[in-house]
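Keep in mind that this is a model prediction, so the values were computed, not measured. Order of the sequence lines fixes the chain letters, A, B, ..., with proteins taken first and strands second; residue numbering starts at 1 for each chain.
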There are 2 protein chains.
Amino acid sequence: MSRRLERTRRAVAEASLIFAALGDPTRLGVVARLSAEGPLSITRLSEGAGVTRQAISKHLQTLAGAGLVHDVRVGRERIWELETARLQLARRELDRISAEWDAAIGRLKAFVEEER
Amino acid sequence: MSRRLERTRRAVAEASLIFAALGDPTRLGVVARLSAEGPLSITRLSEGAGVTRQAISKHLQTLAGAGLVHDVRVGRERIWELETARLQLARRELDRISAEWDAAIGRLKAFVEEER
DNA sequence: ATCATGTGCAACCTCCAGGTTGCAAAGGTA
DNA sequence: TACCTTTGCAACCTGGAGGTTGCACATGAT
C-alpha cells in the first residue's frame, strides 16, 4: 500500500474517533457547557443534563479518550477542561476534505470540457 | 427557558447529527474517497472498502440523513456527491466552541486576578 | 469523631448501529 | 428477447453504546 493511502487511513481513524465523541447529543452538550461556562466538576455538569451523574462520568471518559477534555483534581472534586487543540485538529480535517472535493470537482469539469 | 438556551439546544442537536455521521471510520472513509476522487457510484465506493455493498449503501443513507451527501441518478447508476456546505456548518460549530472556551478562560483569569 | 459531599466501581439492562445473506427489480446492451 | 449489471428490499444476527441502580471510598467541614 502506498505511503499516501497509509497516512489517509491513519488520519481517518484518528478523526473519526474525535467526530464520534462529538456525535452524541449529551456529549456535545457537555462540550458546549464547558465552552460556555469554563471548567466544571462532574456534579455541576450533571445538573440539568437530564441524565445521571454516572452517565455524564462515562461520557467524560469517552471525551477524554478522544483527547477532547482533560481533568484536574482539586480537593475532592475533579474539574474538567476543554482541549481546544484537539478541536482544531478536527476542524483542519474538515477543511482538508472540503478542499480536496473542490479540487476533484475542478478536475472533473476540466475533463468534461476537454471531452466535448 | 431562555431563547439563547433554546437556540443552543437546536444547534447541538443539529451538529451532533453531522458529527455522528462522520464518527464512523467506514463512513468517514467514504467521505474521504468522495473528496479525493469526486462523485462515485455505490458499486465503485464498495470496491476496496472492506465491507459489503449493502453496508456502504446503508452508510450513504446515514450520510444523506445528515445532509452530508446527495445522489444523482444516471441511468441505472446512482452517483453520490459531497455537500461541502454541510461540512462548513460543522466547522463553524467547532470554531464557535473554541472561541467561547477562550472567552470563558479569559473571564476566569480576570476573576482570579481580581480576587487576590 | 462525625457527617455531608463528590467521586469511583461494578453489575445489569435495553436497544440499535453496523454488518451479513438472499432474492427481486429496474435499467442498459447484444 | 435474453442477458448482464447496478441497485433496492427484507429478514436476520451480534456487540457494544448509553443508561440505570446500589454501594464503597475519599476528602472537606463542624
Side-chain angles (χ1 to χ4, degrees), chain A residues 9 12-34 37-81, chain B residues 9 12-34 37-81 90 115:
Chain A
R9 298 239 169 145
V12 162
E14 183 86 355
S16 73
L17 230 182
I18 302 182
F19 289 133
L22 297 173
D24 176 87
T26 305
R27 225 142 47 207
L28 190 55
V30 166
V31 170
R33 281 248 342 245
L34 285 180
E37 307 178 25
L40 292 173
S41 74
I42 298 181
T43 305
R44 294 287 244 86
L45 281 170
S46 306
E47 294 163 359
V51 292
T52 319
R53 171 181 57 88
Q54 316 295 344
I56 296 295
S57 200
K58 277 195 191 177
H59 281 308
L60 286 169
Q61 292 304 324
T62 303
L63 288 170
L68 286 168
V69 297
H70 68 266
D71 65 298
V72 179
R73 304 222 58 132
V74 177
R76 64 182 155 189
E77 285 182 317
R78 195 169 169 183
I79 308 295
W80 291 86
E81 327 193 321
Chain B
R9 299 237 168 147
V12 162
E14 183 87 355
S16 73
L17 230 181
I18 301 182
F19 289 134
L22 297 172
D24 176 87
T26 306
R27 225 141 49 208
L28 190 55
V30 166
V31 170
R33 280 255 333 252
L34 285 179
E37 307 179 24
L40 291 173
S41 74
I42 299 181
T43 305
R44 293 290 243 88
L45 280 170
S46 306
E47 293 164 0
V51 291
T52 319
R53 170 181 59 86
Q54 317 294 345
I56 296 295
S57 199
K58 278 196 190 177
H59 281 309
L60 286 170
Q61 292 303 323
T62 304
L63 288 170
L68 285 167
V69 297
H70 69 266
D71 66 297
V72 179
R73 305 222 57 134
V74 178
R76 64 182 155 189
E77 284 181 317
R78 195 168 170 183
I79 308 296
W80 291 86
E81 328 192 322
E115 284 293 290

_Could you check whether the side chain of A/Gln54 and the base of D/dG18 have a donor-acceptor pair of N or O atoms closer than 3.5 Å, going by distance alone?_
no
*Side chains of A/Val31 and A/Leu68 in contact at under 4.5 Å (non-hydrogen atoms)*: no
*Ignoring hydrogens and angles, does a donor from either the side chain of A/Arg76 or the base of C/dT7 sit under 3.5 Å from an acceptor on the other?*
no
*Quick one: label B/Thr62 by what it contacts on the DNA or RNA (base, sugar-phosphate, nothing), any heavy atom closer than 4.0 Å.*
nothing
*Side chains of A/Val69 and A/Val30 in contact at under 4.5 Å (non-hydrogen atoms)*: no
*asked:* Strictly distance-based, threshold 3.5 Å: is any side-chain N or O of B/Arg33 a donor or acceptor partner for the main-chain N or O of B/Arg44?
replied: yes
*Got A/Ile18 and B/Leu22 here, is their nearest side-chain heavy-atom distance under 4.5 Å?*
no
*Over how many whole Å does the gap from B/Ile56 atom CD1 to C/dT20 atom C1' extend?*
13 Å
*Identify which nucleotide among D/dT21, C/dT7, C/dA11 has an atom closest to any side-chain atom of A/Lys58, counting heavy atoms from C-beta outward.*
C/dA11
*Sugar-phosphate only, base, or nothing, as touched by B/Arg27 at under 4.0 Å among non-hydrogen atoms*: sugar-phosphate
_Rounded distance (Å) that lies between atom C1' of C/dA25 and atom CZ of B/Arg73_ = 11 Å
_Side-chain N or O of B/Ser57 closer than 4.0 Å to phosphate OP1/OP2 of D/dT6_ = no
*Proximity to the side chain of B/Glu77 - top-ranked nucleotide from D/dG18, D/dT7, C/dG19*: D/dT7
_Expressed as a whole number of angstroms, how long is the span from A/Ile79:CD1 to D/dT27:C1'?_
14 Å
_If we ignore hydrogens and angles and just use 3.5 Å, is the side chain of A/Arg53 paired with the main-chain N or O of A/Thr43 as donor and acceptor?_
no
*Can you check the A/Glu47 CD to C/dG6 C1' distance for me, whole Å?*
11 Å
*In whole angstroms, how far is the P atom of D/dT6 from the CH2 atom of B/Trp80?*
17 Å
*So what does A/Thr43 hit on the nucleic acid, given a heavy-atom distance under 4.0 Å: a base, only sugar-phosphate, or nothing?*
sugar-phosphate
*Starting from the 5' end of DNA chain D, give me the residue, A/His59 or B/Gln61, whose nearest nucleotide shows up first.*
B/Gln61
*Can you check whether A/Ser41 has a side-chain N or O nearer than 4.0 Å to OP1 or OP2 of C/dT5?*
no
*When you get a sec, tell me which of C/dG18, D/dT7, D/dT21 is the closest nucleotide to the side chain of A/Thr52?*
D/dT21
*asked:* Whole angstroms only, please: what is the CG-P distance between A/Leu22 and D/dG18?
replied: 12 Å
*Could you check how far CG of B/Asp24 sits from C1' of D/dA17, rounded to whole Å?*
13 Å
*asked:* Tell me the interatomic distance from A/Leu40, atom CG, to C/dT7, atom P, rounded to whole angstroms.
replied: 11 Å
*B/Arg53 side chain, from C-beta outward: closest of D/dT7, C/dG18, C/dT21*: D/dT7
